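Working notes, structure below.
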Amino acid sequence: MADLLFIAVTAVTVGGAVLALESTEMVYAAVALAGSLFGIAAFFFLLNAPYVAVFQITVYVGAVAVLILFTVMLVRQEKWMKEATYSFARLFGILAAAAIAVTFALSFAASRLYDLPAQQNTPTFFEIGQLISTNLSPILLVLALVLAASVLGAITLAKVEREEEH
Amino acid sequence: MNTLADFTFVSTLLFAIGIYGLIVKKNALRLLFAVEIMINAANLNFVAFNTFLWPNAVGQTFVLFSIALAAAEASVILAIVVVAYRLHKDVDVSELKTLGG
């Protein structure tokens with residue numbers, strides 16, 4: 001059975017996710033998304049993965065959430081606050097989401113994964129660092145190339161448009 | 001004590017919320033929010049299964065790579081949103097027919 005801390009973190013994470021999609025003010029939605037990402041980091045702490053949790057806070061709450069917040073401030077419009085989604089589309093969305101949730105929950109409940117004994121080993125920072133720098137170093141290099149390409153692409157997208165205006 | 005079923009339940013809930021956002025919303029930024037929520041649900045599932053069933057450093061390292069990839073994807077999407085806003089003064093995906101400029 002889940003304890004009180006788990007329920008609180010669940011409330012923050014799921015509440016933040018719902019608010020990020022349903023809040024009429026876009027800036028509040030971005031802040032709520034940051035709260036939801038922070039809740040995911042708390043889940044990583046609960047799962048004995050502190051390195052992943054700190055990485056999640058650094059990258060998501062520190063970088064991505066701030067990037068999203070500034071973009072929202074850049075492109076925000078007043079008319080978004082008044083726009084109401086069609087009730088039919090919303091009903092369809094809720095039904096589809098409920099169907100997927102029920103399907104996943106039933107298939108998880110039917111699986112025998114939960115009968116397996118829980119393990120007690122906790123990987124250390126040293127093991128993660130050793131793995132990244134030895135066996136998985138090709139993946140790290142490819143990832144660095146992908147990140148560089150994405151940053152270059154983002155800069156190019158923003159730059160060409162400015163030159164055309166003159 | 002928390003069990004594996006609790007974490008998979010939360011992950012399923014977040015994934016369903018993301019699906020709802022992808023279906024209902026027309027704003028490109030809201031779609032980005034929904035995708036981020038779904039990616040985080042997948043990462044949570046990954047770490048939960050890794051911790052409970054076969055705890056080692058490989059699973060956590062894989063999630064680190066996943067987070068970095070999601071950050072790259074978010075930066076590209078935000079650049080596209082800014083360009084679309086400059087061209088059309090709106091980021092409604094149902095009205096964006098061209099992104100060619």
Side-chain angles (χ1 to χ4, degrees), chain A residues 2-3 6 10 14 17-18 20-21 26 29 33 36-37 40 43-44 46-49 51-52 55-56 59 63-64 67 71-72 74-75 80 85 89-90 92-94 96-97 100-101 104-105 108 114 116 118-119 121-123 127-128 131-132 136 139 143 146-147 150-151 153-154 157-158 161, chain B residues 1-10 12-21 23-25 27 29-30 32-34 36-37 40 43-44 47-48 51-58 60-61 63-65 67-76 78-83 85-86 90-91 101:
Chain A
D3 52 10
F6 182 89
T10 304
V14 176
V18 171
L21 291 176
M26 207 65 188
L33 181 73
S36 180
L37 300 176
I40 296 282
F43 275 128
F44 289 159
L46 289 178
L47 282 165
N48 287 331
Y51 191 74
V52 183
F55 197 77
Q56 164 97 3
V59 173
V64 173
L67 192 66
T71 310
V72 166
L74 201 62
V75 305
W80 290 353
T85 320
R90 175 166 296 187
F92 180 71
I94 289 174
I100 285 172
F104 277 10
F108 274 136
Y114 303 116
L116 294 173
Q119 307 291 315
N121 176 30
T122 302
E127 285 174 344
I128 295 175
L131 201 61
I132 288 179
L136 300 182
I139 304 180
L143 197 63
V146 170
L147 277 171
S150 70
V151 170
L157 276 175
E161 196 56 34
Chain B
M1 196 57 204
N2 306 317
T3 61
L4 177 58
D6 298 330
F7 289 100
T8 48
F9 171 74
V10 175
T12 305
L13 205 59
L14 285 175
F15 193 82
I17 291 172
I19 290 282
Y20 163 78
I23 291 176
V24 173
K25 298 300 174 184
N27 193 327
L29 283 169
R30 299 267 191 202
L32 174 64
F33 289 1
E36 292 291 333
I37 290 169
N40 275 281
N43 284 345
L44 176 60
V47 177
T51 301
F52 279 97
L53 297 184
W54 195 41
N56 58 1
V58 180
Q60 297 196 6
T61 312
V63 175
L64 296 184
F65 291 151
I67 291 174
L69 268 183
E73 166 253 346
S75 73
V76 172
L78 287 174
I80 292 176
V81 164
V82 169
V83 171
Y85 179 76
R86 282 193 195 148
D90 202 358
V91 291

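Small disclaimer: the values here were computed from a predicted structure and weren't measured. In the text below, chain A, chain B and the rest are named by the order of the sequence lines, each starting its count at 1.
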Side chain to side chain contact (heavy atoms under 4.5 Å, CB included), that's the test. Do B:Gln60 and A:Phe55 meet it? Break it down for me. CA-CA 11 Å; B:Gln60 297 196 6; A:Phe55 197 77; over 6 Å; no

Of A:Ile100, A:Ile40, A:Val64, the largest count of non-hydrogen pairs under 4.5 angstrom with chain B goes to A:Ile40

Determine whether B:Ile67 and A:Val52 satisfy the following criterion, side chain to side chain contact (heavy atoms under 4.5 Å, CB included), listing intermediate values before the conclusion. CA-CA 9 Å; B:Ile67 291 174; A:Val52 183; 4.3 Å; yes

Ignoring hydrogens, what is the shortest heavy-atom contact between B:Thr12 and A:Phe108? Give both atom names and the distance. OG1-CE1, 3.6 Å

Mind checking the CG-CD1 spacing from B:Asn56 to A:Ile128? Nearest 0.5 Å is all I need. 10.0 Å

Please look at B:Leu13 and chain A and tell me whether the side chain, the backbone, both or neither of the residue comes under 4.5 angstrom of a heavy atom of that chain. side chain

With chain A as the partner, which of B:Ala70, B:Ala57, B:Ala48 has the greatest number of non-hydrogen pairs under 4.5 Å? B:Ala57

Most contact-rich option vs chain B, by heavy-atom pairs under 4.5 angstrom, among A:Val72, A:Leu67, A:Val75, A:Leu131, is A:Val75

Top contributor to chain A contacts, counting heavy-atom pairs under 4.5 Å, from B:Pro55, B:Ala72, B:Ala79: B:Pro55

Atom group of A:Val59 that falls short of 4.5 Å from chain B, counting heavy atoms: side chain

Can you see which heavy atom on A:Ala89 is nearest to which on B:Val24, and at what distance? O-CG2, 3.6 Å

Just do the side chain to side chain contact (heavy atoms under 4.5 Å, CB included) check on A:Phe43 and B:Val10 with the steps written out, would you? CA-CA 10 Å; A:Phe43 275 128; B:Val10 175; 3.7 Å; yes

dist A:Phe44:CZ -> B:Asn40:CG (nearest 0.5 Å) comes out at 6.5 Å

A:Phe92 and B:Ile23: which non-hydrogen atoms are nearest, and at how many Å? CD2-CG2, 3.7 Å

Is A:Leu47 close to chain B through its backbone or its side chain, or both, or neither, when contacts mean heavy atoms under 4.5 Å? both

Considering only heavy atoms, which portion of B:Phe15 lies under 4.5 Å from any heavy atom of chain A: side chain, backbone, both, or neither? side chain

So for atom CZ, which belongs to B:Phe9, do other residues, nucleotides or ligands contribute more than 12 heavy atoms lying within a distance under 6.0 Å? no

Is it the side chain or the backbone of A:Ala63 that comes within 4.5 Å of chain B heavy atoms, both, or neither? neither

Nearest-0.5 Å distance, OG1 of residue A:Thr71 to CG of residue B:Leu29: 7.0 Å

A:Ala101 and B:Ala16: which non-hydrogen atoms are nearest, and at how many Å? CB-CB, 3.8 Å

Among A:Leu46, A:Val151, A:Ile139, A:Val146, which residue has the highest count of heavy-atom pairs closer than 4.5 Å to chain B? A:Ile139

Rounded to the nearest 0.5 Å, the CG atom of B:Leu14 sits from the OG1 atom of A:Thr10 at a distance of 8.5 Å

Could you tell me which of A:Val18, A:Ile94, A:Asn48 has the largest number of non-hydrogen atom pairs under 4.5 Å with chain B? A:Ile94

If you round to the nearest 0.5 Å, how far is CG of B:Asn43 from CD of A:Gln56? 7.0 Å

Side chain, backbone, both or neither: which part of A:Leu33 has a heavy atom under 4.5 Å from chain B? side chain

Counting N and O atoms only, with roles assigned by atom type, does the side chain of B:Arg30 sit under 3.5 Å from a partner on the main chain of A:Ala20, one being a donor and the other an acceptor? yes

For the candidates B:Val63, B:Ile17, B:Val76, which exhibits the highest count of non-hydrogen atom pairs separated by less than 4.5 Å from chain A? B:Ile17

Give, as side chain, backbone, both or neither, the part of A:Leu136 having an atom under 4.5 angstrom from any heavy atom of chain B. both

